[in-house]
Enquirer: 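Below: one structure in structure tokens.
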Number of protein chains: 2
Amino acid sequence: MIKKQLIMEKALELFAQQGIEATPIQQITDYCGISKGAFYLSFKSKDELIIDLIDHFMMEIIADIDYTVNNTKNDEELLYTFYYSTFDSFHKHSDFAKIFIKEQTKSFNEELIVKIHYYDRLMEGIILSLIERLYGEKVKHTKYDLIYCIKGLMNSYSGLFLFNNAPLNRDLLCQSLVEKTNLLASHTTVPFITPEDFQMLKHPIKEEITMEQIIEMIEQILKEIEEPIEKESLILLKQHLLEPTLSPAIVKGLLENIRNHPHCKWVSYLLFRYYELEK
Amino acid sequence: MIKKQLIMEKALELFAQQGIEATPIQQITDYCGISKGAFYLSFKSKDELIIDLIDHFMMEIIADIDYTVNNTKNDEELLYTFYYSTFDSFHKHSDFAKIFIKEQTKSFNEELIVKIHYYDRLMEGIILSLIERLYGEKVKHTKYDLIYCIKGLMNSYSGLFLFNNAPLNRDLLCQSLVEKTNLLASHTTVPFITPEDFQMLKHPIKEEITMEQIIEMIEQILKEIEEPIEKESLILLKQHLLEPTLSPAIVKGLLENIRNHPHCKWVSYLLFRYYELEK
DNA sequence: TTGACAAATGACTTATTAGTCATTATTATA
DNA sequence: TATAATAATGACTAATAAGTCATTTGTCAA
């Protein structure tokens, strides 16, 4: 279903320029060169389009960052790599990042708010595991507080480069943030957010995903993509889920095959977790 | 014009609950117990209401913070006082802070975007003068960078308390932020934002205001308020602007009279600056 | 070539809401 | 009390945009 992708791309562009509310379906379809009716063959409603956009891009962004963090073996580079891949993702999907940062909540439906919360918690989870890995016991009392500092810094500086088209020195930015993070992690003695506070902001980061859900997602993706390698890899992975026959090396290779396809990032991330191929 | 105030208050409440776009004029007027037509006797349009809300509250918040900072003589307390009065203002006007944080930009008209920029720059100006006063030459190369750190921290933690009705320990929060700010100010060696970058984000913070504009504002306020003391003080201050006759002590006293009236905060702030009664 | 099926179209329906204005109610004044 | 001036009303207009569906267009197998 290539049409769906076209609509999502063009809609995102218009949303970033004008805002979501200010962009009528008609304008999106005109921009795509299709009829208004055709839109409703791909999406049930405008809200569904918005939800799909958020899911698509947040999944991709988070899967990217998490993968990068998990595959950086050298602790010295970890923090830098984290910031770098985060800003890299924001930059790559800057249209999405713009609407996401600026149009949070509004009134919108409950589903959207829950979604945004969910991805926010996921991001916090990644940051937390990074902090624990880097600083361990030293930040026992300050680690949850540190999460909010990191989020604040990221937000402040990313706004700067999303809404200013001046080219910026991403290397310097990341070095600078690494220094700041290390400073705060090493010397903070008065944390504001305690472990209890953090728990209180409930909604577990987990949300275990079942094998059935993954299979369903694979079937969905199979309908959407054409590339033969990715397609075959997905089919094999699906069969392996139903009845394990492949060796770990083959599974890992298949996952590498699909990892960089935009439609597969999320599912490959979930499968990596499912098979615990990395920690 | 008490009607205008009523509409602003009720509208703010509904905006904070449902979002601006999602709140029709009819609902606001119903909530006020007036007719729809009456709305248009007070405001030319819905956009004017929004602009007025932003002006009213931003002026009050910024005047408050600036006044507090300028009247804290003890440098030891300065940073703490700054954070405390900021969060105090956010808390006092939490409905406004909510819509302001969440609904930035959208598509909206040019005027709004310029307004928001303007107040953002004003806030940066206050933070900058605070940093310069506290750390002086030591932060020559990092002060502009520090501004973005402080803004990021404020944003991160204020979001936490605006959208979580749990009571929070504001004293601890401020102590914690003071420590963080001091850490960053004392040890940062790799700033990201250079003085040149900061200049590039142009639009001067100044925007000098003329005496005529102040007089016009006073006349506007005189139509809106009833309290006799404030009213007389304003009339005397206006006369003094046209033809200086009062001693500095009397002027200062008159300004103190109006300082805490919601409608007068901005004008009193401007007059303080105009007479340079404090630095 | 034809007929069956699917894909695509865009005029239409329905709903919402900003803003207007002729009419009515209220208040002030003579 | 009568009259003029002002304030308030809400039915109405006009504009916009989401979503529908009868009709047209395109595709492909027989």
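Quick note on labels: first sequence line is chain A, next is B, and so on, each numbered from 1.
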Enquirer: Could you pull out all residues at least two apart from S89(B) that satisfy side-chain contact (heavy atoms from CB on, under 4.5 Å)?
Expert: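 Scan of S89(B) (side-chain contact (heavy atoms from CB on, under 4.5 Å), adjacent residues dropped) gives I61(B), D64(B).
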Enquirer: Would you say K3(B) reaches dA8(D)'s phosphate, i.e. side-chain N/O to OP1/OP2 under 4.0 Å?
Expert: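 Checking K3(B) against dA8(D): at least one side-chain N or O falls below 4.0 Å of OP1 or OP2.
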Enquirer: Starting the side chain at C-beta, find the nucleotide from dA8(C), dT9(D), dG19(C) nearest to S45(B).
Expert: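 Selected nucleotide: dG19(C).
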Enquirer: Whole Å only: how far is the CD atom of Q26(A) from the P atom of dA18(D)?
Expert: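 These atoms are roughly 9 Å apart.
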Enquirer: If the condition is side-chain hydrogen bond (donor to acceptor under 3.5 Å, both in side chains), which residues does E216(A) pass it with, not counting sequence neighbours?
Expert: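 In terms of side-chain hydrogen bond (donor to acceptor under 3.5 Å, both in side chains), with neighbours along the sequence ignored, E216(A) is linked to no residue.
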Enquirer: Which whole-number value in Å describes the distance from Q27(A) CD to dA17(D) P?
Expert: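 Interatomic distance, CD of Q27(A) to P of dA17(D): 8 Å.
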Enquirer: Separation of I50(B) atom CD1 from dT17(C) atom C1', in whole Å?
Expert: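 Those two atoms, CD1 and C1', are 14 Å apart.
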Enquirer: Check the surroundings of atom CD1 in I235(B): do more than 12 heavy atoms from other residues, nucleotides or ligands lie under 6.0 Å from it?
Expert: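 For I235(B), atom CD1 is crowded (more than 12 foreign heavy atoms under 6.0 Å).
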Enquirer: Could you tell me the separation between the CZ atom of F39(A) and the P atom of dG10(C), rounded to a whole number of Å?
Expert: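 The answer, rounded to whole Å, is 17 Å.
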Enquirer: Taking only the side-chain heavy atoms of P24(A) (C-beta and beyond), determine which of dA18(D), dA8(D), dG10(C) contains the nearest atom.
Expert: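 Of all the options, the side chain of P24(A) is nearest to dA18(D).
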Enquirer: Using OP1 and OP2 only, check whether a side-chain N or O of K46(B) sits under 4.0 Å from dA18(C).
Expert: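 Checking dA18(C) against K46(B), a side-chain N or O does come within under 4.0 Å of OP1 or OP2.
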Enquirer: Tell me: NZ of K4(B) to P of dA7(D), nearest whole Å?
Expert: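 The answer, rounded to whole Å, is 14 Å.
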Enquirer: Within this structure, what is the NZ-to-C1' distance between K36(A) and dT13(C), rounded to whole angstrom?
Expert: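 About 11 Å, once rounded to whole Å.
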Enquirer: Taking only the side-chain heavy atoms of L41(A) (C-beta and beyond), determine which of dT9(C), dA18(C), dT9(D) contains the nearest atom.
Expert: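 The listed nucleotide nearest to L41(A)'s side chain is dT9(C).
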Enquirer: Could you give the CD1-to-P distance, from I28(B) to dG19(C), as a whole number of Å?
Expert: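 Between P of dG19(C) and CD1 of I28(B): 11 Å.
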Enquirer: State, to 0.1 Å, how close P24(A) and A22(A) come at their nearest heavy-atom pair, and which atoms those are.
Expert: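 Reported closest heavy-atom pair: CD-O, 3.4 Å.
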Enquirer: What's the CG-C1' distance between L49(A) and dA18(D), to the nearest Å?
Expert: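 Nearest whole value for this atom pair: 13 Å.
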